[in-house]
There are 2 protein chains.
Amino acid sequence: MPTSYDVARLAGVSQATVSRALSGGSVSAQTRKKILDAAKAVGYVPNMGARAMKTGRVNTIGVVVADLRNPFYPEILDALTCYLDAAGQKVTLWNSDGPGNDAALEAINAGSVDGVIFTTVTEASAPLRAALRRHSPVVLINRTVEGLGCDQVSSDNVAGGRAVADYLLENDHQRIAFIGGPSTASTARDRFLGFSQRLADAGAPLPSERVLEGPFTHDFGFSATTRLLTADHPPTAVFCSNDLIAFGALDAARAERAVVPDDLWIVGYDDIAMSAWPAFDLTTVHQPSGTMAEAGAQALLDRIASPTAPYRTLTFRSHLVVRGSTAGTAPSTP
Amino acid sequence: MPTSYDVARLAGVSQATVSRALSGGSVSAQTRKKILDAAKAVGYVPNMGARAMKTGRVNTIGVVVADLRNPFYPEILDALTCYLDAAGQKVTLWNSDGPGNDAALEAINAGSVDGVIFTTVTEASAPLRAALRRHSPVVLINRTVEGLGCDQVSSDNVAGGRAVADYLLENDHQRIAFIGGPSTASTARDRFLGFSQRLADAGAPLPSERVLEGPFTHDFGFSATTRLLTADHPPTAVFCSNDLIAFGALDAARAERAVVPDDLWIVGYDDIAMSAWPAFDLTTVHQPSGTMAEAGAQALLDRIASPTAPYRTLTFRSHLVVRGSTAGTAPSTP
DNA sequence: CTGAAAGCGCTTACAG
DNA sequence: CTGAAAGCGCTTACAG
């Protein structure tokens with residue numbers, strides 16, 4: 001690869017002037033032209049590693065996702081890469097549950113990335129706490145950790161769960177079930193919390209045999225719903241804590257010859273694009289995943305610029321989207 | 001961030017010895033221990049940018065994807081990140097149709113990545129050709145470019161299309177349609193090629209009004225199928241050049257009250273995980289996406305190690321998976 | 001506006 | 001086995 005010295009020689013100037021011309025320093029118009037021509041002629045591109053050593057910035061953001069097979073994450077990742085790309089940042093991707101998180105944190109120390117966005121944090125690991133103590137730029141999107149000293153972006157999962165409870169109550173459901181993701185995920189916990197509390201407040205608490213917890217997958221939605229429908233008093237409505245589980249529930253209902261929504265109402269969470277497909281036509285809680293991703297990306301860029309600024313918690317509003325997997329009118333208190 | 005000098009001071013050795021101890025050079029056991037202890041004490045992690053300047057390697061691979069909303073790509077990306085992670089490589093992601101490709105190529109010149117994997121190439125851009133002339137490490141996965149001088153990994157899309165034609169012919173379909181992705185994609189072209197040639201060979205060429213081309217989306221599958229079903233002589237079978245289009249076709253068939261498979265057979269391509277869900281139960285052509293991704297990743301690592309080795313073309317076998325969206329027996333020549 | 005020089009944090013021959 | 005020194009390719013005060 002050609003270096004700035006090669007360009008300097010060809011343009012008949014010093015290497016320092018080449019650097020200035022290419023990184024926006026003050027250079028005379030004709031010198032700049034000579035340099036740009038020479039750079040193009042030799043195919044020069046500044047070496048980012050060398051630049052980073054001086055500037056201390058690599059213009060690269062780390063993103064940690066788990067479970068790309070849940071379409072919710074590709075949607076987040078899509079928004080994230082587009083936004084960061086437009087901001088002139090590269091994106092380094094880690095795909096992992098658990099320990100891979102720490103690799104991303106270490107990459108901050110190694111100067112491979114300027115900061116990290118976590119989309120699926122489950123708890124504050126020791127390395128994460130250490131990184132925050134050091135004011136390493138870290139942002140949590142989607143899942144959050146209560147009281148953790150860093151910027152966090154999510155939607156109001158408690159209110160979302162509550163809205164579903166209100167909706168089912170207003171439509172006179174008596175036997176209601178909940179199929180939830182793992183309680184290690186704050187999203188699953190919060191949705192359950194809002195949902196179950198509102199039901200309890202209304203004097204119709206969820207019996208434990210109608211609360212099933214498992215992974216955020218179609219498989220689990222299918223098996224859990226099959227179990228519910230083949231029990232003695234099958235529910236008339238089930239709230240699934242994400243859309244993937246709800247799709248599994250829909251498939252299970254069909255397999256058990258339960259008509260949706262006549263025999264069983266099914267509600268999901270996330271409103272991923274597929275939910276609107278006729279094959280599912282799923283009533284679900286919409287959260288603004290793209291907006292959340294962008295807000296998180298911007299929060300990280302801000303954090304990198306001001307490592308010791310007070311940290312912020314952004315909570316976006318969510319709302320119920322009523323479709324064919326339920327038959328009721330929309331809730332009166334939206 | 002602490003540097004190797006900080007560690008050296010604490011351990012009472014020279015900076016050079018620290019570097020040796022941490023990058024596998026020969027150091028006495030007790031010196032190594034002192035150094036590792038000191039490194040841990042100050043939280044030292046070698047700076048990757050500085051290391052890269054000496055070694056010329058950043059241990060980072062660029063991956064270019066487009067259309068993360070097609071679950072096929074997250075499946076590829078998942079396999080890719082897991083494989084490269086295990087190989088000690090970071091992954092830099094570009095998400096773009098078209099021009100973003102060139103950013104990835106430039107990143108090779110800038111020393112930000114050691115090589116690039118393209119998953120959705122449509123043609124050989126001038127920068128791509130220039131990069132290959134320079135022996136920049138580049139691998140094409142999934143979509144290919146005929147005759148391009150680089151490693152390419154795909155599955156046999158022509159044979160896949162042919163297998164679908166055989167299957168439909170053996171089950172006596174007379175009116176057959178094809179809904180294809182954009183002809184800029186080699187996959188769409190090859191699947192159509194194998195399919196249409198085999199039909200023509202059998203004396204039943206596809207009439208042009210039953211060949212529809214558009215994007216690889218559910219929307220397009222839906223609208224195209226609606227058009228086909230509301231025409232004068234609706235087809236009895238439709239081959240969609242990916243699963244997403246086929247899902248749209250299934251939804252359209254239901255909307256038009258055409259029973260699948262009694263009135264209409266639908267066949268997809270890719271065999272993404274969702275195809276097996278009861279909601280779709282789609283007959284489709286399986287391609288080993290995970291294996292292809294791993295082969296492509298390894299090919300790139302090999303290429304980086306040997307930039308001027310002869311380039312290789314890997315073509316994996318595909319096979320028809322018969323499910324409920326068709327009713328026939330599996331083809332006699334698998 | 002331009003150039004000479006220092007330094008970012010490593011690795012790696014080269015001596016000892 | 002260990003240390004002194006050079007150099008990877010930039011950016012950026014500091015002079016002029």
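Predicted model, so just to flag it, every value in this text is computed and none were measured. Lettering of chains follows the sequences in order, A, B, ..., and the numbering in each one begins at 1. Any value given below was found using the heavy atoms of this structure, including those in side chains, with hydrogens, waters and symmetry copies removed.
For DNA chain C, each stem of at least three Watson-Crick or G-U pairs (distances under 3.5 Å) is given as range with range: C:1-3 with D:14-16, C:5-12 with D:5-12, C:14-16 with D:1-3.
Taking side-chain N and O atoms only, A:Thr17 has a distance below 4.0 Å to OP1 or OP2 of C:dG3. Not one side-chain nitrogen or oxygen of B:Thr31 sits closer than 4.0 Å to the OP1 or OP2 atom of D:dC1. Applying the 4.0 Å criterion to OP1 and OP2 of C:dC1, one finds that A:Ser26 has a side-chain N or O inside that range.
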Which atom pairs, one a donor and one an acceptor, fall under 3.5 Å between side chains of residues 293-307 of chain A and the rest of the protein, sequence neighbours left out?
| from | atom 1 | to | atom 2 | distance (Å) |
| --- | --- | --- | --- | --- |
| A:Gln298 | OE1 | A:Tyr83 | OH | 2.5 |
| A:Gln298 | NE2 | A:Asp302 | OD1 | 2.9 |
| A:Asp302 | OD2 | A:Arg312 | NH2 | 3.2 |
| A:Arg303 | NE | A:Asp151 | OD2 | 2.7 |
| A:Arg303 | NH1 | A:Ser306 | O | 3.3 |
| A:Arg303 | NH1 | A:Pro307 | O | 3.1 |
| A:Arg303 | NH1 | A:Ala309 | O | 2.8 |
| A:Arg303 | NH2 | A:Asp151 | OD1 | 3.1 |
| A:Arg303 | NH2 | A:Asp151 | OD2 | 3.1 |
| A:Arg303 | NH2 | A:Ala309 | O | 3.4 |
| A:Arg303 | NH2 | A:Pro310 | O | 3.2 |

For residues 130-137 of chain A, run the donor-acceptor check on the side chains, cut-off 3.5 Å, and write out each pair with its distance to 0.1 Å, sequence neighbours left out.
| from | atom 1 | to | atom 2 | distance (Å) |
| --- | --- | --- | --- | --- |
| A:Arg134 | NH1 | A:Asn109 | OD1 | 3.1 |
| A:Ser136 | OG | A:Ala131 | O | 3.4 |

Under 3.5 Å, which donor-acceptor pairs do the side chains of residues 42-55 of chain A form with other protein atoms, sequence neighbours left out?
| from | atom 1 | to | atom 2 | distance (Å) |
| --- | --- | --- | --- | --- |
| A:Asn47 | OD1 | A:Gly49 | N | 2.9 |
| A:Asn47 | OD1 | A:Ala50 | N | 2.9 |
| A:Thr55 | OG1 | A:Arg51 | O | 3.1 |
| A:Thr55 | OG1 | A:Arg57 | N | 3.2 |
| A:Thr55 | OG1 | A:Arg57 | O | 3.3 |

Anything under 3.5 Å between a donor and an acceptor, one on a side chain of residues 71-81 of chain A, the other on a protein residue two or more places apart or in another chain? List them.
| from | atom 1 | to | atom 2 | distance (Å) |
| --- | --- | --- | --- | --- |
| A:Tyr73 | OH | A:Asn142 | ND2 | 3.2 |
| A:Glu75 | OE2 | A:Ala273 | N | 2.9 |
| A:Asp78 | OD1 | B:Asn95 | ND2 | 2.4 |
| A:Asp78 | OD2 | B:Arg69 | NH1 | 2.1 |
| A:Thr81 | OG1 | A:Leu77 | O | 2.9 |
| A:Thr81 | OG1 | A:Asp78 | O | 3.0 |
| A:Thr81 | OG1 | B:Asn95 | ND2 | 2.9 |

Tabulate below the donor-acceptor pairs under 3.5 Å that side-chain atoms of residues 112-119 of chain B make, not counting sequence neighbours, or state none.
| from | atom 1 | to | atom 2 | distance (Å) |
| --- | --- | --- | --- | --- |
| B:Asp114 | OD1 | B:Val58 | N | 3.0 |
| B:Asp114 | OD2 | B:Val58 | N | 3.3 |
| B:Asp114 | OD2 | B:Asn59 | N | 2.6 |
| B:Asp114 | OD2 | B:Thr60 | N | 3.4 |
| B:Thr119 | OG1 | B:Val64 | O | 2.9 |

Discussion item. I need a per-nucleotide contact map over nucleotides 6-11 of chain C, read 5' to 3'. Cutoff is protein heavy atoms under 4.0 Å; write B for the base, S for backbone only, - otherwise.
Written reply: -BBBBB
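Residues forming a side-chain contact (heavy atoms from CB on, under 4.5 Å) with B:Ser19 (at least two apart in sequence, or on another chain): B:Gln15, B:Ser23.
Among residue pairs with one or both ends in residues 16-26 of chain A, none qualify as salt bridge (Lys or Arg N to Asp or Glu O under 4.0 Å); sequence neighbours excluded.
A salt bridge is absent between A:Lys40 and A:Asp37; no separation between the charged side-chain nitrogens and carboxylate oxygens falls under 4.0 Å.
Across all strands, A:Ser28 comes closer than 4.0 Å only to sugar-phosphate atoms, never to a base (heavy-atom distances).
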